[in-house]
Amino acid sequence: MNFFWVWSAKRLKRYTIVVLAALFTAGILYVERTQIPVFSTGEKPVAIYKVETEDKDIALTFNISWGEERAVPILDVLKENSVTDATFFLSAAWAERHPEIVERILEDGHEIGSHGFRHEHYTKWEDESIKKDILTAHEIIKKVSDTTPQYLRPPNGNFDERVLTIAEKLNYDVIHWSIDSQDWLNPGADVITENVVTSASPGDIVLFHASDSAQQTGEALPGILKKLKSDGFNFVSLSELMTGADTKTEEIR
């Protein structure tokens, strides 16, 4: 079975440990839905899935690719619970149709990343099509939000070495996740809550969805936020999470 050597690090030390990182590189091969590295060693690009930190910091991330009914209630829950540092990965086609929700995301203090333009698997595309989609999304999100996205979560969380290489050349960090809430399966609010709170650890990146297809995320969030807060976790943006962390290696099979 193919495997990755996975790296996790914050941006401050991104360039100071390249030599050490290179010693551990054992080839980065694609493994469906589990490929989650962290930065380029100068030889092969990787993507961020988690950081190592002594602080009980955790990043909540939300993908949005379609619909207008679920995003605002989720924003309301976050605001009611004084969470102002989530990261929303927006499909640019969606953002273009819903600038008022994009504005609300920013007004509430959240961070915006790119979820591409067309919500299709990059790994099935030619290189130029991938590049075009990322650049199209970049310009649209920049125009709609008046911010410049630096994080990319490919549509469906699906990427391979080609996608990582293209994203890196376009100055994007590819973001995966270490905890999948599985809210996209609509398994029930209790299951979504359990998926998150029983696995949470410092430096985790949690995957949620704010598209209309994820019908139970808003219902599960209050319990998740309450439990994580009671366990001492701090909710931080990806940018904050990735500032100044140590590194580690992990083999993903």
Side-chain angles (χ1 to χ4, degrees), residues 1-9 11 14-15 17-18 21-51 59 61-66 87 89-94 113-141 149-182 184-185 204-209 211 238 242 247-253:
M1 182 178 294
N2 295 335
F3 67 88
F4 286 96
W5 281 102
V6 177
W7 304 85
S8 49
R11 186 175 298 273
R14 178 170 183 167
Y15 298 108
I17 58 171
V18 169
L23 297 176
F24 290 95
T25 302
I28 302 169
L29 302 176
Y30 174 71
V31 181
E32 185 176 359
R33 297 191 68 84
T34 60
Q35 71 291 21
I36 32 187
V38 176
F39 65 90
S40 173
T41 65
E43 295 180 1
K44 290 188 177 182
V46 287
I48 300 158
Y49 82 105
K50 182 184 172 86
V51 303
T61 68
F62 297 82
N63 294 356
I64 309 181
S65 57
W66 72 279
T87 302
F89 286 94
L90 308 181
S91 166
W94 178 90
S114 175
H115 200 36
F117 180 70
R118 296 166 55 194
H119 199 264
E120 299 180 15
H121 294 280
Y122 280 174
T123 54
K124 297 180 180 180
W125 291 3
E126 298 294 331
D127 290 7
E128 283 303 312
S129 296
I130 297 169
K131 180 179 179 180
K132 181 179 178 180
D133 194 85
I134 294 174
L135 289 175
T136 299
H138 182 89
E139 292 304 317
I140 291 173
I141 292 173
Q150 59 179 315
Y151 304 124
L152 170 69
R153 177 169 285 161
N156 303 297
N158 190 275
F159 57 86
D160 55 18
E161 190 175 313
R162 289 186 310 117
V163 175
L164 296 174
T165 299
I166 293 167
E168 183 184 54
K169 289 179 179 179
L170 296 176
N171 296 316
Y172 269 99
D173 288 321
V174 174
I175 306 295
H176 204 74
W177 55 83
S178 52
I179 295 178
D180 184 351
S181 69
Q182 297 190 2
W184 51 280
L185 292 173
D204 273 326
I205 298 172
V206 186
L207 171 67
F208 293 104
H209 295 78
S211 293
L238 281 173
M242 291 162 53
T247 63
K248 67 179 182 179
T249 63
E250 181 177 338
E251 186 179 24
I252 302 297
R253 291 191 179 276

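Along the sequence shown, the residues carry numbers beginning at 1.
Annotation for Gly116 and Ala137: closest pair C-CB, 3.4 Å, computed over non-hydrogen atoms. Contact between Ala167 and Leu152 at its shortest, heavy atoms only, is CB-CD2, 3.9 Å. Across Ile141 and Ala92, no two heavy atoms sit closer than the pair CG1-CB, 4.0 Å.
Between Arg153 and Trp177, the closest side-chain pair of non-hydrogen atoms falls below 4.5 Å. Phe159 has its side chain within reach of His176: a pair of non-hydrogen atoms, C-beta onward, lies under 4.5 Å apart. Between Pro154 and Tyr122 the shortest side-chain heavy-atom distance falls below 4.5 Å. Side-chain atoms of Ile205 and Ile175, non-hydrogen and from C-beta on, do get closer than 4.5 Å to each other. The closest side-chain heavy-atom distance from His121 to Pro155 is not below 4.5 Å. Using a 4.5 Å heavy-atom threshold, the side chains of Ile48 and Met242 count as touching.
In terms of the side chain to side chain contact (heavy atoms under 4.5 Å, CB included) criterion, residue partners of Leu170 (sequence neighbours excluded) are, by chain and number, Lys131, Ile134, Leu135, Ile166, Tyr172. For Phe208, the ring pair (Phe, Tyr, Trp, His ring centres under 6.0 Å) partners are Phe62, not counting sequence neighbours. By the side chain to side chain donor-acceptor pair (under 3.5 Å) test, Asp204 is found to be paired with Lys50, Ser178, Ser201, residues two or more places apart in sequence or in another chain being considered. A search for ring pair (Phe, Tyr, Trp, His ring centres under 6.0 Å) contacts involving Phe89 returns nothing, not counting sequence neighbours. When the salt bridge (Lys or Arg N to Asp or Glu O under 4.0 Å) test is applied to Glu120, the partners found at least two apart in sequence or on another chain are Arg118. By the side chain to side chain donor-acceptor pair (under 3.5 Å) test, Ser91 is found to be paired with no residue, residues two or more places apart in sequence or in another chain being considered. Residues passing the side chain to side chain donor-acceptor pair (under 3.5 Å) test with Ser114: none are found, sequence neighbours excluded.
Taking CG of Asp127 as the start and NZ of Lys169 as the end, the distance is 8.5 Å to the nearest 0.5 Å. With rounding to the nearest 0.5 Å, the separation of CG in Leu238 from OG1 in Thr61 is 6.5 Å. Taken to the nearest 0.5 Å, the CG atom of Asn63 stands 4.0 Å off from the NE2 atom of His115.
Using a distance-only test at 3.5 Å, with no hydrogens or angles considered, no donor-acceptor pair links the side chain of Asn156 to the main chain of Asn158. Put simply, the side chain of Thr136 gets close to the backbone of Lys132: a donor and an acceptor are under 3.5 Å apart.
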- Task: Start with the C-alpha distance between Trp66 and Ser211, add both sets of side-chain angles, then the distance that settles side-chain contact (heavy atoms from CB on, under 4.5 Å), and finish with yes or no.
- Result: CA-CA 5 Å; Trp66 72 279; Ser211 293; 4.2 Å; yes
